[in-house]
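The next block holds one structure in the form of structure tokens; read it before the comments.
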Amino acid sequence: MKTLRFGIEIETVGATRQQLAYAIQSAVGGHASGDYRGWQVTDTQGRIWKVVADASLSGSSYSGEIVSPILTYQDMDALQQVVRAAREAGARADSSCGIHIHVDGSRFDAKGVTNLVKMVHKQERLLETALGVSEARLGRYCKPIDGAFLQRLEARRPRTLADVNEAWYGHRNSVPNRYDSSRYHGLNLNSLFFRGTIEFRYFNGTVHAGEVKAYVQLVLALAARALASKAASSKRRDFNPATAKYDFRVFLLHLGLIGEEFKTARLHLLKKLEGSAAWKGQRRDRRGPGGEGTPGSEGAQGGSDSAQGSTHEALAA
């Protein structure tokens, strides 16, 4: 996952585009320039960060969408500094804001894309709940994976990206349009055929740097697992709110988000879910909401690194 390139779009309200641009400049250096149409910051590496208008945002002139350049995992600290600087400049997120994360599609063939679609479809209800996606956004800007698309994908067993293209659109689309209506899905493959990136649109807006990092890590882990897997199942897993925290933690460990390095990511990604992160049954966390388990429970089960050993049954479900 650490070798995948990515980009991110962060929608905010509360600060003007000029204020956002100067905030970005304070974090990444370089110089800022712009006008009423938009602003951009050329950082010290020559990369361009954009701040553009978005009519869907509630803040009118006090709003903007931060569009990053192509980033690598080594840029994570810089990205977090940008988010913190934007927040200090007055930026915030409300219900009109979202975050879109793009993964470089150049390493994806038909198998990789198909694996990703199936993996996301299987866990989609859990993902939507963990990320707190509102019904309004699910109905408009980040719809669930389309059942007809999935049916076509599984019927065709695509061998080429052209086959995936035909399954996505319902016909062979040789000239994809940026604004094709199919883009409004949580997993957006129109972006793959239009610009060469796979877009994840499930995320609510935030100016919390830790949450942003967790979202990027989740997307990169999903993409890496899809690329590494020989095959994947699309059968929806049963969703049980009472065990959702445990089920999602198991999934995160399965993706490789294991150990101290990803502890904060797990905390952010689990905090909206009910139940215990450590136990599938009736036992409760003694740490209370937000904890990953009882004191020492991870150690007792081999630590978060080895929790997979006790959770194969849940993964197979």
Please tell me if the side chains of [X] and [Y] come closer than 4.5 Å, counting only heavy atoms from C-beta onward.
X	Y	answer
Met119	Leu255	yes
Met1	Arg225	no
Phe108	Leu161	no
Arg47	Asp75	yes
Asn165	Arg172	yes
Phe251	Leu222	yes
Phe149	Leu189	yes
Leu127	Phe248	yes

Any donor-acceptor pair under 3.5 Å linking the side chain of [X] with the backbone of [Y]?
X	Y	result
Ser63	Ser60	yes
Thr243	Tyr246	no
Arg266	Gly259	yes
His121	Ser234	yes
Arg249	Ala277	yes

Next item on the list: Before giving the answer on side chain to side chain contact (heavy atoms under 4.5 Å, CB included), spell out for Leu187 and Phe200 the whole-Å C-alpha distance, their side-chain angles and the decisive distance to 0.1 Å.
Entry: CA-CA 5 Å; Leu187 181 64; Phe200 294 76; 3.7 Å; yes

Can a donor-acceptor pair be found between the side chains of [X] and [Y] at a distance below 3.5 Å?
X	Y	result
Tyr202	Glu124	yes
Arg201	His185	no
Asp94	Ser58	yes
Thr16	Gln18	no
Tyr169	Asn190	yes

Let me confirm one number: the [atom1]-[atom2] distance from [X] to [Y], rounded to the nearest 0.5 Å.
X	Y	atom1	atom2	answer
Trp39	Ser33	CH2	OG	7.5 Å
Phe262	Leu257	CZ	CG	5.5 Å
Arg125	Glu128	CZ	CD	7.5 Å
Leu138	Lys143	CG	NZ	11.0 Å
Leu269	Lys245	CG	NZ	12.0 Å
Ile101	Ile10	CD1	CD1	8.5 Å

Do you know which two heavy atoms are closest between [X] and [Y], and how far apart they sit?
X	Y	value
Ala21	Val41	O-CG2, 3.2 Å
Asn115	Ala226	ND2-O, 3.1 Å
Val82	Ile24	CG1-CG1, 3.9 Å
Ser26	Ala23	OG-O, 2.5 Å
Ser191	Thr197	OG-OG1, 2.7 Å

Next item on the list: With side chain to side chain contact (heavy atoms under 4.5 Å, CB included) as the test, would you mind laying out the steps for Thr129 and Phe239 before giving the verdict?
Entry: CA-CA 10 Å; Thr129 306; Phe239 176 77; 3.5 Å; yes

Count the heavy atoms belonging to other residues, nucleotides or ligands that lie under 6.0 Å from [atom1] of [X], then report whether that count exceeds 12.
X	atom1	value
Arg156	CZ	yes
Arg195	CZ	yes
Gln74	CD	yes
Glu154	CD	yes
Asp35	CG	yes
Arg236	CZ	yes

Donor-acceptor contacts under 3.5 Å from residues 48-55 side chains, at least two apart:
residue, atom, partner, partner atom, Å
Trp49, NE1, Asp43, OD2, 3.1
Asp54, OD1, Ser56, N, 2.9
Asp54, OD1, Ser56, OG, 2.6

Next item on the list: Could you state whether Val113 and Leu4 fall into the same hydrophobic cluster, counting links through intermediate Ile, Leu, Val, Met, Phe, Trp or Tyr residues with side-chain heavy atoms under 4.5 angstrom apart?
Entry: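 Shared cluster, yes.
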
Next item on the list: Verify the cluster assignment for Val67 and Ile198: are they in a single hydrophobic cluster under the rule of side-chain heavy atoms below 4.5 Å apart?
Entry: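 No, Val67 and Ile198 fall in different hydrophobic clusters.
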
Item checked: Electrostatic pair Lys280-Asp247, nearest N-O below 4.0 angstrom ->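 So Lys280 pairs with Asp247 through a salt bridge.
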
I'd like a table of donor-acceptor pairs (distance under 3.5 Å, sequence neighbours excluded) in which one partner is a side-chain atom from residues 210-221, with atom names and distances.
residue, atom, partner, partner atom, Å
Glu211, OE1, Thr206, OG1, 2.5
Glu211, OE2, Lys271, NZ, 2.7
Gln217, NE2, Tyr73, OH, 2.9

